[in-house]
**Q** 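Below: one structure in C-alpha coordinates.
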Amino acid sequence: MMDTFINNYIGAGTQALYPVFENGYPLTKIYTVSGESIIQMPTIQIIKQSIIRYGSNYEGAVKSARYHLGGSYVLPLQISGQYKIYMFPTKACLHAECVWIALDHYKGCERVDAQRTRVYLSHDRSIIVDCKTTLLMNRYNKALTLKNKIDNFLVSMQP
(Lines give C-alpha, C1' and ligand atoms only; values in the text may rest on other atoms or scores of the structure.)
Protein backbone atom coordinates (compact mmCIF):
# COMPACT_ATOMS: atom_id res chain seq x y z
CA MET A 1 0.00 0.00 0.00
CA MET A 2 1.20 3.49 -0.77
CA ASP A 3 2.15 6.11 1.76
CA THR A 4 -0.72 8.36 2.78
CA PHE A 5 0.51 11.53 1.06
CA ILE A 6 3.90 11.87 -0.58
CA ASN A 7 5.41 14.81 -2.45
CA ASN A 8 2.09 16.65 -2.79
CA TYR A 9 0.30 13.69 -4.38
CA ILE A 10 -2.85 11.95 -3.24
CA GLY A 11 -2.31 8.49 -1.77
CA ALA A 12 -4.48 5.69 -0.42
CA GLY A 13 -4.53 7.32 3.03
CA THR A 14 -5.65 10.74 1.80
CA GLN A 15 -9.08 11.47 3.29
CA ALA A 16 -9.88 14.97 2.02
CA LEU A 17 -8.43 18.07 0.37
CA TYR A 18 -9.78 21.24 1.96
CA PRO A 19 -9.02 24.63 0.37
CA VAL A 20 -7.81 27.37 2.70
CA PHE A 21 -6.67 30.87 1.91
CA GLU A 22 -3.83 32.83 3.46
CA ASN A 23 -3.61 36.51 2.49
CA GLY A 24 -5.73 35.66 -0.55
CA TYR A 25 -3.42 32.84 -1.71
CA PRO A 26 -4.99 29.41 -2.21
CA LEU A 27 -3.52 26.63 -0.10
CA THR A 28 -4.79 23.14 0.68
CA LYS A 29 -5.28 21.47 4.03
CA ILE A 30 -4.67 17.77 3.53
CA TYR A 31 -6.44 15.33 5.83
CA THR A 32 -4.83 11.89 5.92
CA VAL A 33 -5.15 8.86 8.15
CA SER A 34 -1.95 9.97 9.89
CA GLY A 35 -2.82 13.65 10.43
CA GLU A 36 -3.21 17.01 8.75
CA SER A 37 -0.88 19.34 6.89
CA ILE A 38 -1.01 22.49 4.78
CA ILE A 39 0.34 22.39 1.23
CA GLN A 40 1.15 25.59 -0.64
CA MET A 41 -0.79 24.60 -3.71
CA PRO A 42 -4.44 25.02 -4.80
CA THR A 43 -6.62 21.95 -4.34
CA ILE A 44 -7.35 21.49 -8.05
CA GLN A 45 -3.61 21.55 -8.81
CA ILE A 46 -3.08 18.67 -6.37
CA ILE A 47 -5.91 16.75 -8.06
CA LYS A 48 -4.49 17.34 -11.55
CA GLN A 49 -0.89 16.53 -10.64
CA SER A 50 -1.91 13.39 -8.76
CA ILE A 51 -3.87 12.06 -11.74
CA ILE A 52 -0.86 12.70 -13.99
CA ARG A 53 1.45 11.02 -11.48
CA TYR A 54 -0.70 7.88 -11.68
CA GLY A 55 -0.51 7.79 -15.49
CA SER A 56 -3.53 9.68 -16.77
CA ASN A 57 -4.60 13.31 -16.96
CA TYR A 58 -7.36 15.52 -15.61
CA GLU A 59 -9.11 15.88 -18.96
CA GLY A 60 -9.14 12.09 -19.41
CA ALA A 61 -10.50 11.56 -15.90
CA VAL A 62 -13.28 14.07 -16.59
CA LYS A 63 -14.10 12.41 -19.95
CA SER A 64 -14.23 8.99 -18.28
CA ALA A 65 -16.53 10.24 -15.52
CA ARG A 66 -18.83 11.89 -18.10
CA TYR A 67 -18.87 8.71 -20.18
CA HIS A 68 -19.92 6.58 -17.20
CA LEU A 69 -22.22 9.09 -15.47
CA GLY A 70 -23.54 11.36 -18.20
CA GLY A 71 -23.12 15.11 -18.47
CA SER A 72 -22.54 17.01 -15.26
CA TYR A 73 -20.37 19.82 -14.00
CA VAL A 74 -19.83 18.26 -10.58
CA LEU A 75 -18.13 14.96 -11.30
CA PRO A 76 -16.26 12.52 -9.10
CA LEU A 77 -12.88 11.54 -10.50
CA GLN A 78 -10.75 8.44 -10.56
CA ILE A 79 -7.39 9.59 -9.25
CA SER A 80 -5.67 6.20 -9.59
CA GLY A 81 -7.06 3.11 -11.26
CA GLN A 82 -4.30 0.87 -9.91
CA TYR A 83 -4.91 1.90 -6.29
CA LYS A 84 -8.66 2.46 -6.78
CA ILE A 85 -8.55 6.01 -5.44
CA TYR A 86 -11.69 8.00 -6.21
CA MET A 87 -12.55 11.46 -4.94
CA PHE A 88 -15.74 13.48 -5.16
CA PRO A 89 -16.17 17.26 -5.01
CA THR A 90 -18.48 19.39 -2.89
CA LYS A 91 -18.79 22.09 -5.59
CA ALA A 92 -17.91 22.47 -9.25
CA CYS A 93 -14.49 20.88 -9.70
CA LEU A 94 -12.70 24.11 -10.59
CA HIS A 95 -14.35 26.22 -7.87
CA ALA A 96 -11.67 27.63 -5.55
CA GLU A 97 -13.60 26.53 -2.44
CA CYS A 98 -14.30 22.99 -3.61
CA VAL A 99 -13.48 20.33 -1.01
CA TRP A 100 -12.52 16.90 -2.37
CA ILE A 101 -13.45 13.84 -0.32
CA ALA A 102 -11.93 10.38 -0.81
CA LEU A 103 -14.62 7.79 -1.51
CA ASP A 104 -12.95 5.07 0.58
CA HIS A 105 -12.67 7.34 3.61
CA TYR A 106 -16.23 8.73 3.54
CA LYS A 107 -18.24 7.24 6.40
CA GLY A 108 -21.40 9.36 6.31
CA CYS A 109 -22.71 12.85 6.87
CA GLU A 110 -25.26 14.91 8.76
CA ARG A 111 -26.83 18.30 8.34
CA VAL A 112 -25.31 21.19 10.29
CA ASP A 113 -27.61 23.88 8.86
CA ALA A 114 -29.28 24.71 5.55
CA GLN A 115 -25.98 25.17 3.69
CA ARG A 116 -23.41 23.13 5.63
CA THR A 117 -22.83 19.43 6.26
CA ARG A 118 -20.61 17.53 8.68
CA VAL A 119 -18.73 14.80 6.82
CA TYR A 120 -17.54 11.79 8.79
CA LEU A 121 -14.26 10.33 7.59
CA SER A 122 -12.32 7.24 8.58
CA HIS A 123 -10.20 7.25 11.72
CA ASP A 124 -12.82 9.18 13.75
CA ARG A 125 -12.29 12.45 11.87
CA SER A 126 -14.96 14.86 10.66
CA ILE A 127 -14.97 18.08 8.66
CA ILE A 128 -17.66 20.64 7.92
CA VAL A 129 -18.21 21.55 4.28
CA ASP A 130 -20.27 24.24 2.55
CA CYS A 131 -22.66 21.90 0.76
CA LYS A 132 -26.26 20.89 1.35
CA THR A 133 -26.53 17.40 2.79
CA THR A 134 -28.74 16.08 -0.02
CA LEU A 135 -26.29 17.38 -2.64
CA LEU A 136 -23.34 15.82 -0.83
CA MET A 137 -25.12 12.46 -0.62
CA ASN A 138 -25.89 12.64 -4.36
CA ARG A 139 -22.23 13.39 -5.10
CA TYR A 140 -21.12 10.47 -2.93
CA ASN A 141 -23.55 8.19 -4.77
CA LYS A 142 -22.18 9.38 -8.14
CA ALA A 143 -18.66 8.52 -6.98
CA LEU A 144 -19.80 5.08 -5.87
CA THR A 145 -21.54 4.55 -9.21
CA LEU A 146 -18.42 5.60 -11.12
CA LYS A 147 -16.25 3.19 -9.13
CA ASN A 148 -18.73 0.34 -9.58
CA LYS A 149 -19.09 0.90 -13.34
CA ILE A 150 -15.33 0.95 -13.87
CA ASP A 151 -14.84 -2.09 -11.60
CA ASN A 152 -17.58 -4.01 -13.45
CA PHE A 153 -16.04 -3.18 -16.81
CA LEU A 154 -12.62 -4.36 -15.64
CA VAL A 155 -14.08 -7.62 -14.33
CA SER A 156 -15.86 -8.19 -17.65
CA MET A 157 -12.54 -7.83 -19.51
CA GLN A 158 -10.83 -10.62 -17.56
CA PRO A 159 -10.41 -13.91 -19.47
**Q** Verify side-chain contact (heavy atoms from CB on, under 4.5 Å) between Gln115 and Asp113, making sure each step is shown before the conclusion.
**A** CA-CA 6 Å; Gln115 298 298 319; Asp113 57 37; 4.1 Å; yes
**Q** Both conditions, 6.0 Å and 45 degrees, for the charged tip of Lys29 above the ring of Tyr18: are they met here?
**A** no
**Q** With Leu17 as reference, evaluate Val99, Ile30, Ile39, Ile44 under the side chain to side chain contact (heavy atoms under 4.5 Å, CB included) test and give the passing residue.
**A** Ile30
**Q** Under 3.5 Å, side chain of Thr117 to main-chain N/O of Thr133, donor-acceptor pair present?
**A** yes
**Q** Given Tyr120, which of Arg125, Glu110, His105 fulfils the side chain to side chain donor-acceptor pair (under 3.5 Å) condition?
**A** Glu110
**Q** What pairs with Phe153 under side chain to side chain contact (heavy atoms under 4.5 Å, CB included), at least two apart in sequence or on another chain?
**A** Ser156, Met157
**Q** How close do Ser50 and Tyr9 get, counting heavy atoms only, and between which atoms?
**A** OG-CA, 3.4 Å
**Q** Quick check: does any side chain N or O of Thr28 sit under 3.5 Å from a backbone N or O of Met41, one acting as donor and the other as acceptor?
**A** yes
**Q** With no hydrogens and no angle check, is any side-chain donor or acceptor of Thr145 less than 3.5 Å from a backbone partner on Asn141?
**A** yes
**Q** Which atom names give the shortest non-hydrogen contact between Cys98 and Ala92, and what distance separates them?
**A** CB-O, 3.6 Å
**Q** Checking Lys107 side chain against Leu121 main chain: does a donor-acceptor pair fall under 3.5 Å?
**A** no
**Q** Hey, is Lys84 close enough to Asp151 for a salt bridge, meaning N to O under 4.0 Å?
**A** yes
**Q** Looking only at side-chain N and O atoms, does Thr14 offer a donor or acceptor that is under 3.5 Å from a partner on Thr32?
**A** no
**Q** Look at the side chain of Arg139 and the backbone N and O of Thr90, then say whether any donor-acceptor pair between them is shorter than 3.5 Å.
**A** yes
**Q** Mind checking whether Tyr106 and Phe88 have ring centres under 6.0 Å apart?
**A** yes
**Q** Between Tyr31 and Glu36, is there a side-chain donor-acceptor contact under 3.5 Å, judged purely by atom types and distance?
**A** no
**Q** Might you confirm whether atom CG of Asp124 has over 12 heavy atoms from other residues, nucleotides or ligands at distances under 6.0 Å?
**A** no
**Q** Please determine which of Val129, Ile101, Leu136, Ile128 meets the side chain to side chain contact (heavy atoms under 4.5 Å, CB included) test together with Cys109.
**A** Leu136
**Q** One pair to check against side-chain contact (heavy atoms from CB on, under 4.5 Å): Ile85 and Asp104. What are the steps and the verdict?
**A** CA-CA 8 Å; Ile85 300 171; Asp104 282 350; over 6 Å; no
